[in-house]
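As structure tokens, the structure follows; a few thoughts come after it.
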Protein chains: 2
Amino acid sequence: MQLLFLGTGAGVPAKQRNVSSIALRRLNNEGAIWLFDCGEATQHQILHTTIKPRRIEKIFITHLHGDHIYGLPGLLGSRSFQGGTDPLTVYGPKGIKAFIQSALQLSATYVKYDLSIIEIEDGTVIEESDCFIHIGKLDHGIDSFGYRVVEKDRTGELQVHKLKELGVKPGPIYKQLKDKQTVQWEGMTLNGADFLGEDKKGLIVTILGDTRLCRRSFELAEGADLLVHEATFEQKSEEMAYEYFHSTTAQAATVAKESGVKELWLTHISSRYTSVDSEDLVNEARAIFENSYIAHDFSETAVLSKEENS
Amino acid sequence: MQLLFLGTGAGVPAKQRNVSSIALRRLNNEGAIWLFDCGEATQHQILHTTIKPRRIEKIFITHLHGDHIYGLPGLLGSRSFQGGTDPLTVYGPKGIKAFIQSALQLSATYVKYDLSIIEIEDGTVIEESDCFIHIGKLDHGIDSFGYRVVEKDRTGELQVHKLKELGVKPGPIYKQLKDKQTVQWEGMTLNGADFLGEDKKGLIVTILGDTRLCRRSFELAEGADLLVHEATFEQKSEEMAYEYFHSTTAQAATVAKESGVKELWLTHISSRYTSVDSEDLVNEARAIFENSYIAHDFSETAVLSKEENS
Ligand SMILES: [Zn+2]
Ligand SMILES: [Zn+2]
């Protein structure tokens, strides 16, 4: 999987950082794009990337604050205008359906693809062909959710050399063995499992919405290969973070450390911090959890499994 | 008055042209800003100008298509977040109130200033201290309106030299005469009107929403010092313009010519045209009406009275 940060600021757009959106490229899934949040001008940010709006298959909204949803009506409309015909599903808290439908209807926007809008709640689990998405409610005043994407393990490679040693030639039987079936072949019983390499561990990526430090974050982040956590404020502004239902750099790093994640990305940075401050912010996190990074608009990172990474 | 084009594209944002918005700086009115339309990322465009969102006093929406309104919720919210406390009024077609209220409520956005939303109709006239705004309905499939801003004439300058010749010294009497009062002074009757220069003609600026060529446009544009007219298509695409309820360069120029306007600005240019094509588009208009210009994002122009201009 690959992550591309489209907007990494908090509350209002600034020249340096646009409001929230993250694109997740699902490499296992023919490069389908999933978006997490869609602040105003997300479609404008996308113009500066290789992402095609019609390749966006799912949009997950963490919460309904304007800086996370005001780009939705425009993106949904443009996707249709630009020829997108594949279905699209938007997931989000209760109210997301009314928001989208009201905006599209009042602006006489009729999209030419199947648009599904699914309202989620704490504990919702979505199963896809190749992954599960676990959803948990955080602590942000209004309902705010975290998404934990857990790829299913993939069957190992067929060990062709073992089959060749037995004289088994390529053909439909290879497919059967790869599917872990038991096959009779020239008087022998071949068990698919015996001819497969180790299963490939699925990746885990956790993307949390705006939140105070809360227990649910640890559960959603547990053992993730990559965690995206908001860090609206610096460490010393912990009181302010609490008051505004946000987190500090240090709190994000604590979640990463205690949950045993592989890599932490900080985002949703207040516009009070300049790009010079970024270095200080990430260092605050690194003092607690070394493998921390601060996202900038258009930052990209590949999510690697623990094995690939080491 | 000064016009600043914030977005000059049609339908969807492109790298070259953002979706519709125009700022009108009311020089007579302490530099208050009025916006006409507010497509997505208008607040982002404003970040690259000297405009302060809190100085925006009125927003006039021509019609409810997404490329003209999707920037409203974000701008209204940011204006409050950034400390704007002065009242703001939004004018627009029926539905604008539901659009704004639904977006703000569902996103839990509470603005800290008085926000009035006024739904207009064909023939609505708004009177301000220093101007009238006449509103007429155009031809765009959905309700689309044009705004004709007519400044009231301003009293001429007090001709101080005439008073000094009579021996009248500066004092409250100057104010009375300036207000066109009749004043008794040392046995003489002084009539304010006799000591004032010529009235200054108010300016007329007409900004039309998306429309086919229609009669109402001529009425709204009549004798304007400046006309802003959409030109989504080139001259030869007149059939397509008709089909999609839009205008061509030549149609815009015809309205300007027949209405005796002083200056025409073309905007709402389809993204099919590159910046190279701009020259061709404006030349099509100039063949019909010489004083034509094509707007680009961040184009600025001062609106001058016919006298100042010649
Ligand atoms: Zn936020
Ligand atoms: Zn338009």
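So that the names make sense, note that chain A is the first sequence line, chain B the second, and so on, each numbered from 1.
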Okay, D67(B) and chain A: the region with an atom under 4.5 Å from a heavy atom over there is neither

Pair count under 4.5 Å, heavy atoms only, with chain A: among T109(B), I142(B), L106(B), N18(B), highest is L106(B)

So, the part of F81(B) with a heavy atom under 4.5 Å from chain A: the answer is side chain

Query raised in the report: Do E40(A) side-chain atoms and A41(B) backbone N/O form a donor-acceptor pair below 3.5 Å?
Result: yes

Is it the case that atom CZ in F245(A) sees more than 12 heavy atoms from other parts of the structure closer than 6.0 Å? yes

(message) Donor-acceptor pair, distance only, cut-off 3.5 Å: does the side chain of D297(B) make one with the backbone of T8(B)?
(response) yes

Under 4.5 Å to a heavy atom of chain A? For H44(B) that would be side chain

Bottom line for Q82(B): the part with an atom under 4.5 Å from chain A's heavy atoms is side chain

Greatest number of non-hydrogen atom pairs under 4.5 angstrom with chain A, of A98(B), A108(B), G77(B), falls to A98(B)

Only one of H68(B), H140(B), H229(B) passes ring-ring contact (aromatic ring centres under 6.0 Å, His included) with H268(B), and that residue is H68(B)

Applying a strict 4.5 Å limit to non-hydrogen atoms, the region of L47(A) in contact with chain B is both

Parallel, tilted or perpendicular, judged at 30° and 60°: which one describes the rings of W34(A) and F36(A)? tilted

Is any NZ, NE, NH1 or NH2 atom of the basic residue among D143(B) and K137(B) found under 4.0 Å from an Asp or Glu carboxylate oxygen of the other? yes

Cationic N near anionic O, under 4.0 Å, R212(B) to D139(B): yes

Report task. Please lay out, stage by stage, how F233(B) and Y242(B) fare under the test side chain to side chain contact (heavy atoms under 4.5 Å, CB included). Result -> CA-CA 10 Å; F233(B) 296 105; Y242(B) 186 85; over 6 Å; no

When the 4.5 angstrom heavy-atom criterion is applied to I96(A) and chain B, the contacting part is neither

Max heavy-atom pairs within cutoff under 4.5 Å with chain A, candidates G39(B), P73(B), G66(B), P93(B), goes to P73(B)

Comparing G11(B), G95(B), P13(B) against chain A, the one with the most heavy-atom pairs below 4.5 Å turns out to be P13(B)

Under 4.5 Å to a heavy atom of chain B? For T42(A) that would be backbone

